[in-house]
Amino acid sequence: MKPTRVLVLNSGSSSVKYQLIDMADKSRAAAGIVERIGEGAVADHREALRIVARELDGQGLGLESAELAAVGHRVVHGGTAFTEPTLVTDEVLETIRGLVPLAPLHNPANIAGLEVARSLRPDLPQVAVFDTAFHATMPEYAARYAIHTAVADKYGVRRYGFHGTSHAYVSRATARLLGKDPSEVNSVVLHLGNGASASAVAGGRCVETSMGLTPLEGLVMGTRSGDLDAGIVFHLTRVAGMSTDAVDSLLNRRSGLLGLCGDNDMREIGRRMAAGDAAAQLAFDVYTHRLRKYIGAYFAVLAAETGGTVDAVAFTAGVGENSAAVRQAALQGLGALGIEVDAVRNAVRDDSARLISTDGSRVAVAVVPTDEELEIAQQAYALVSSA
Ligand code: AMP
């Protein structure tokens with residue numbers, strides 16, 4: 001029988017997450033995480049993947065299994081080189097290595113995962129699925145920054161976008177929820193996790209997204225500022241005397257919700273708001289105001305790109321799936337855009353994809369749990385099945 005299982009590996013800088021998914025019925029045969037890589041017990045990614053292999057072996061599902069069709073790897077940055085899931089060869093690995101300057105924290109860990117998995121099962125197809133790929137369909141005028149073209153081209157400075165696997169999965173799942181083909185649906189997808197990004201998807205194709213050269217641009221996030229005046233960077237280096245690394249750390253790790261109120265977990269912010277905490281309330285208001293700006297902008301972008309209207313706004317990831325308060329506040333007063341949230345439906349807690357708009361709302365509002373692992377498995381399996 002043809003092998004139907006795909007091992008999905010998400011190798012981060014200090015952890016490796018894995019899921020073994022059977023594409024015959026999309027069931028999870030195994031899942032786990034190896035954490036604290038580089039902190040002693042787990043020396044490096046080679047050791048981490050050995051642990052993954054051992055954990056799978058223990059369940060009789062080892063890497064040696066003949067039932068394995070492929071390994072699907074999450075790779076954060078594909079630059080302009082990779083716009084599709086890609087079978088990993090020496091040449092492909094070399095190109096991904098060349099993209100390390102664009103994602104210095106992420107791509108090296110992804111590469112380590114790829115190298116080790118290849119060495120453990122050289123005969124098995126290894127498929128790289130890129131976080132940037134879904135956004136490659138953005139028109140050039142959306143992908144360009146308005147800076148000198150020669151500088152931009154020489155250093156790869158353009159808008160790539162991230163969370164693409166999630167935006168792809170959620171935009172398709174939203175179309176399914178509406179009983180339509182993705183090609184018939186225009187949607188605004190809001191991936192609100194610790195990292196957060198928005199995308200405008202026209203008939204299944206991404207036409208705009210909020211993250212840029214790096215994941216710093218766009219929405220307010222748990223610890224990242226999102227959009228700001230680039231002049232702030234000069235101000236902080238010249239006037240505050242901060243180093244480049246200090247500004248980088250400030251904007252990526254000590255800003256966003258955390259910087260505004262000292263907490264980056266929306267649950268805690270909700271508790272503090274209920275107790276009348278002004279800083280938590282302001283952080284929430286900055287967060288939801290930014291969301292509204294993007295929703296409005298993407299309604300205009302989708303109207304211009306399609307000549308049609310927006311069919312759905314979809315919320316996903318930790319905050320998007322769980323915070324009724326954020327969804328309510330982000331869409332409050334947007335009746336003029338055809339958006340009406342049903343307060344009762346919004347308050348229901350449920351793990352399945354669902355609609356929270358009123359029956360009369362022109363735009364459907366959806367809550368769609370994201371499943372990046374399944375999306376990676378599907379893309380990897382489709383690639384090896386078509387070969
Ligand atoms: P993610 O990056 O998708 O795992 O999302 C993580 C974030 O989701 C956390 O930092 C929380 O802010 C948020 N989150 C998780 N569960 C809840 C919840 N029940 N209510 C509100 N926010 C939540």
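The model shown is predicted, which means the values in this text are computed figures rather than measured ones. Note that ligands are numbered from 1 as they come in the structure, with each ligand's atoms numbered from 1 the same way. Side chains are part of it too, since the values below use all heavy atoms of this structure and drop only hydrogens, waters and symmetry mates.
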Does Arg5, at its CZ atom, have more than 12 non-hydrogen atoms belonging to other residues, nucleotides or ligands within less than 6.0 Å?
yes
Taking only non-hydrogen atoms of Gly193 and a 4.0 Å limit, the atoms of ligand 1 in range are 1 (P), 2 (O), 3 (O), 5 (O)
Nearest non-hydrogen protein atom to atom 13 (C) of ligand 1, with distance, is Val319 CG2, 3.6 Å
Review point. Between Arg97 and Glu115, is the closest basic N to carboxylate O distance under 4.0 Å?
Key: yes
The protein heavy atom nearest to atom 10 (O) of ligand 1 is Asn264 O, 3.8 Å
Margin query: Geometry only, no angles: is Met266 polar-contacting ligand 1 at N/O separations under 3.5 Å?
Written below: yes
Given the options Val129, Thr132, Leu99, Ile96, Val75 meets side chain to side chain contact (heavy atoms under 4.5 Å, CB included) only with Ile96
for atom 21 (C) of ligand 1, nearest protein heavy atom and its distance come out as Arg267 CG, 3.6 Å
Per-atom filter on ligand 1: closer than 4.0 angstrom to a heavy atom of Ala317 are 3 (O)
Thr209 and Ser199: side-chain donor and acceptor closer than 3.5 Å? no
- Message: With a 6.0 Å cut-off on the ring centroids, do His163 and Phe134 count as close?
- Response: no
Could you check whether Thr4 and Asp22, counting side-chain N and O atoms only, form a donor-acceptor pair closer than 3.5 Å?
yes
Original post:
Any N or O of Asn194 that comes nearer than 3.5 Å to an N or O of ligand 1?
Top reply: yes
Ignoring hydrogens, tell whether any protein atom lies closer than 4.0 Å to atom 4 (O) of ligand 1; use the non-hydrogen atoms only. no
Let me have the donor-acceptor pairs involving side chains of residues 308-315, under 3.5 Å, with sequence neighbours excluded, atom names and distances please.
| from | atom 1 | to | atom 2 | distance (Å) |
| --- | --- | --- | --- | --- |
| Asp311 | OD2 | Asn186 | N | 2.8 |

Between Gly262 and Arg272, the two heavy atoms sitting closest are C-NH1, 4.4 Å
min-distance protein heavy atom vs atom 19 (N) of ligand 1 -> Asn322 CB, 3.4 Å
**Prompt:** Does an N or O anywhere in Gly318 fall below 3.5 Å from an N or O of ligand 1?
**Reply:** yes
Under 4.0 Å between heavy atoms, the region of Leu192 that gets near ligand 1 turns out to be neither
If we number the atoms of ligand 1 from 1 as shown, the ones under 4.0 Å from a heavy atom of Asp265 are 11 (C), 12 (O)
